[in-house]
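Report on the structure given below.
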Amino acid sequence: MTGRPGFESAAADLPAARSFPWPADGLLYGGDYNPEQWPEEVWAEDLRLMTEAGVNTVSLGIFAWGLLEVDQDRFEFGWLDRVLDGLHGAGIAAALATPTAGPPTWLLRRYPEVLTVDAHGRRNGPGARLGWCPSSAVFRDRATKIIEALAGRYGDHPALGLWHVSNEIGNENARCYCDESERAFQGWLERRYGSVEKLNQAWGTAFWGHHFREFAEVPLPRAISGHHNPGLVLDFHRFSSDELLEHYRFERDLLRGLTPDVPITTNFMVKPTMAPVDYAAWAQEVDLVANDHYTTAADPDRHWSLAMSADQARGVGRGRPWLLMEHSTSAVNWQPRNRAKEPGELLRDSLTHIARGADGAMFFQWRQSTAGAEQFHSAMVPHAGTDSKVWREVTRLGEHLGALAELRGSTVEPASVAILTDYASQWALTSWGKPTVELDPLDLPTTLHRLCTRRHRQVDVIGPDADLAGYRVIIVPMLYLAYDTLAERLTAAAEAGAHVLITYFSGITDQAGRVITGGYPGAYRELLGVRSEELHPLLAGETRRLDNGWSVSSWTEHVHLTGATAIAEYADGPLAGTPALTRRAVGAGSATYLATRPADDHLQVLVDELLTLAGAAPVAEAEDDLQVVRRRIGDQGYLFVINHADAARTVTSSGLDLLTGQPHIGTISVPAGGVVVIKETNV
Ligand code: GAL
């Protein structure tokens, strides 16, 4: 039992999923290393402390362009030679960055046209980072020079383990509205639609008389008094993601040509919030999915949100092991109130990512800066020095990762539940003019992930094109766009025994954003055996009751049964007596339609009922508040149990706790806030 067949074979098909020399033995451990911020005397101490903490990998040179190319075509590599030699001497690998996330001030002064323009036509100024337009030919030209110089100098350096392309591409340059971008957008549309008539048809430009005679007339969705065509807005998001990806590809291909044997990645921002790019597409272009994740201090559910982010990072890579490239040892400095992590939270957070498939845990950053915009952001070596909670936990994490080295090569065992999400649906759903402002595309995916995960079920968060075979429960949560063949594949999965849950406002439009007529939800009417004739979103604060006692808010709709049976009906309001929750038996499985938004407690009842109906087994028998995940290599299971409660909780398993060396049989007590990793016997 080594993994879901479909999941793995999909990964094997990925063109860029090459096998490559892993930069270090076991799991990777380290962080962003910015020695250029410190006098050279500190570098020797850095190496000593890195060794003490068990660091084996650092991301290097991310923002060092201005110190490497001090003026146009004038390079100074001496300092970086010494850093790389030092790292190599200490047995530490470098994820060496192409420094394009931090263009030098001289470049931005000399070529201001590379800077992005916002929707109001204002050009960004120099001073922060990224900030360049991905369509800029001048920027590509300058990037080529520094990348060729860097790869020429360090391509054979023994410390070079991995190329780290730029940094969070799209973070500060997600959308550009300059004229060069507009021409690139028009070219992208021409390639996508072939003829302007097809584009007019797809977007429905007859509405408000927007008909275009040629691609050169299509505008970017700049700030205007009024609203753009939603098809145009959606395609601008797709174009922007593709254009940023094109920039990544350009850097990658340059590096591949110069250093064919060095693996290449770039750090993603996969998290349960809106993303500027389509990471499912990006994941196919990297040798190793690398992700950055930061918890939101004010969110009491942040550990659930972290779990979902990790499941998404695994999902975009179609089950491949991935790398946590950045997270924080304690507080960040960009939230309104930057709470320090509680004792043990660092370990729980890091090990949750490892449990869910990461083969390494790295931080932003190694040494806490004294100056610059992030001087109050935590780091592995805090301002306070090594006599600190943070350093003690950093060294403890290093020991733990060392003890877990044999996990390298294992994968998270097949999940019983799949949640389908897609970036394009999120972008489409959030453009202006929908039935209610309460249509949050992230609400149901994150809530349903939490409700399944807290019942100790393993969940895969996957795209609508992923293989659905083997899942017991498949959830389609407000997946607004319809996808080619998805309805057929969901039907086939249900016929084979899966229990499918589709929620309201899924499958509403085609890929261009045109509504599918004949009753909602257009794409899934047949599978669900329902036809909804009118949408009835509720007003702010309004609630309805169902005849099973549930309370619902935000959304209702007028559903007719065309093959399904009603499980619950509205008990009050204008839709009283009509179905709110329906189910249709499909082969050995079923298709459930949720036409409203129950309170979370009531949604949990639905989830529990579906998990039972589907026979979706828990990962292990465990008490509430525990997160349980199993990784496997062949028949060997490794059970991660993470206790987020302030009291001990129990789980049933037998084997050796790799973190303490203690053997366990049967019931294991996991201390408050603690983590155990059981190398299992008899499983
Ligand atoms: C990331 C970024 C890092 C650092 C960090 C702070 O988004 O890649 O360079 O800024 O945030 O949390």
Side-chain angles (χ1 to χ4, degrees), residues 30-38 57-67 94-103 127-132 162-174 244 247-248 251 265-277 279 282 286 288-299 302 305-306 309-310 312-313 322-341 345-346 349-350 353 358 360-383 390 394:
D32 285 14
Y33 183 34
N34 299 305
E36 65 274 21
Q37 294 177 15
W38 299 91
T57 312
V58 292
S59 299
L60 186 67
I62 297 177
F63 301 107
W65 191 346
L67 294 170
L96 185 58
T98 61
T100 51
R129 58 179 172 180
L130 286 166
W132 40 264
L162 179 70
W163 284 116
H164 179 301
V165 169
S166 203
N167 193 67
E168 294 186 345
I169 300 172
N171 194 352
E172 283 99 344
N173 60 348
L244 289 158
H247 178 89
Y248 165 76
E251 292 204 25
T265 192
T266 185
N267 45 345
F268 294 178
M269 299 173 283
V270 174
K271 52 192 168 189
T273 55
M274 295 289 286
V277 302
Y279 284 121
W282 283 56
V286 293
L288 168 70
V289 168
N291 195 39
D292 297 350
H293 184 266
Y294 293 90
T295 52
T296 301
D299 178 6
R302 60 188 176 278
S305 163
L306 186 161
S309 162
Q312 278 179 293
W322 53 282
L323 172 63
L324 178 65
M325 188 65 96
E326 286 181 26
H327 66 321
S328 69
T329 58
S330 190
V332 299
N333 73 329
W334 41 263
Q335 292 171 14
R337 291 164 193 82
N338 297 291
R339 185 190 138 279
K341 286 193 178 181
E345 193 170 348
L346 179 163
D349 287 357
S350 306
H353 289 286
M362 312 211 357
F363 293 99
F364 174 83
Q365 62 178 327
W366 165 249
R367 193 181 272 279
Q368 188 168 19
S369 304
T370 54
E374 298 184 307
Q375 63 194 145
F376 292 108
H377 192 294
S378 62
M380 297 174 80
V381 183
H383 288 158
V390 166
V394 161

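As the structure lists them, so they are numbered: ligands from 1, and atoms in each ligand from 1. For clarity, every value in this text was computed on a predicted model and none was experimentally measured.
- Sorted by first and then second residue, the pairs that involve residues 265-277 and meet side chain to side chain donor-acceptor pair (under 3.5 Å), not counting sequence neighbours, are Asn167-Asn267, Asn267-Asp292, Asn267-Glu326.
- Counted by atom type alone, Ser166 and Glu251 present zero donor-acceptor pairs between their side chains at under 3.5 Å.
- A side-chain donor-acceptor contact under 3.5 Å links Asn173 to the backbone of Gly170.
- In this structure Tyr294 satisfies the ring pair (Phe, Tyr, Trp, His ring centres under 6.0 Å) test together with Trp334, His377, sequence neighbours excluded.
- Residues Phe364 and His327 have side chains not in contact (no heavy-atom distance under 4.5 Å, counting atoms from C-beta outward).
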May I have the N/O to N/O pairs between ligand 1 and the protein that fall below 3.5 Å, each with atom names and distance to one decimal?
unit_1: ligand 1; atom_1: 7 (O); unit_2: Glu168; atom_2: OE1; d: 2.4
unit_1: ligand 1; atom_1: 7 (O); unit_2: Glu168; atom_2: OE2; d: 2.9
unit_1: ligand 1; atom_1: 8 (O); unit_2: Asn167; atom_2: ND2; d: 2.8
unit_1: ligand 1; atom_1: 8 (O); unit_2: Glu168; atom_2: OE1; d: 3.2
unit_1: ligand 1; atom_1: 8 (O); unit_2: Glu168; atom_2: OE2; d: 3.3
unit_1: ligand 1; atom_1: 8 (O); unit_2: Glu326; atom_2: OE1; d: 3.1
unit_1: ligand 1; atom_1: 8 (O); unit_2: Glu326; atom_2: OE2; d: 2.8
unit_1: ligand 1; atom_1: 9 (O); unit_2: Arg129; atom_2: NH1; d: 2.9
unit_1: ligand 1; atom_1: 10 (O); unit_2: Arg129; atom_2: NH1; d: 3.3
unit_1: ligand 1; atom_1: 10 (O); unit_2: Arg129; atom_2: NH2; d: 2.9
unit_1: ligand 1; atom_1: 10 (O); unit_2: Glu374; atom_2: OE1; d: 3.2
unit_1: ligand 1; atom_1: 10 (O); unit_2: Glu374; atom_2: OE2; d: 2.4
unit_1: ligand 1; atom_1: 12 (O); unit_2: Trp334; atom_2: NE1; d: 2.8
unit_1: ligand 1; atom_1: 12 (O); unit_2: His377; atom_2: NE2; d: 2.7

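- For the ring pair (Phe, Tyr, Trp, His ring centres under 6.0 Å) test, no residue two or more places apart in sequence or in another chain qualifies with Trp163.
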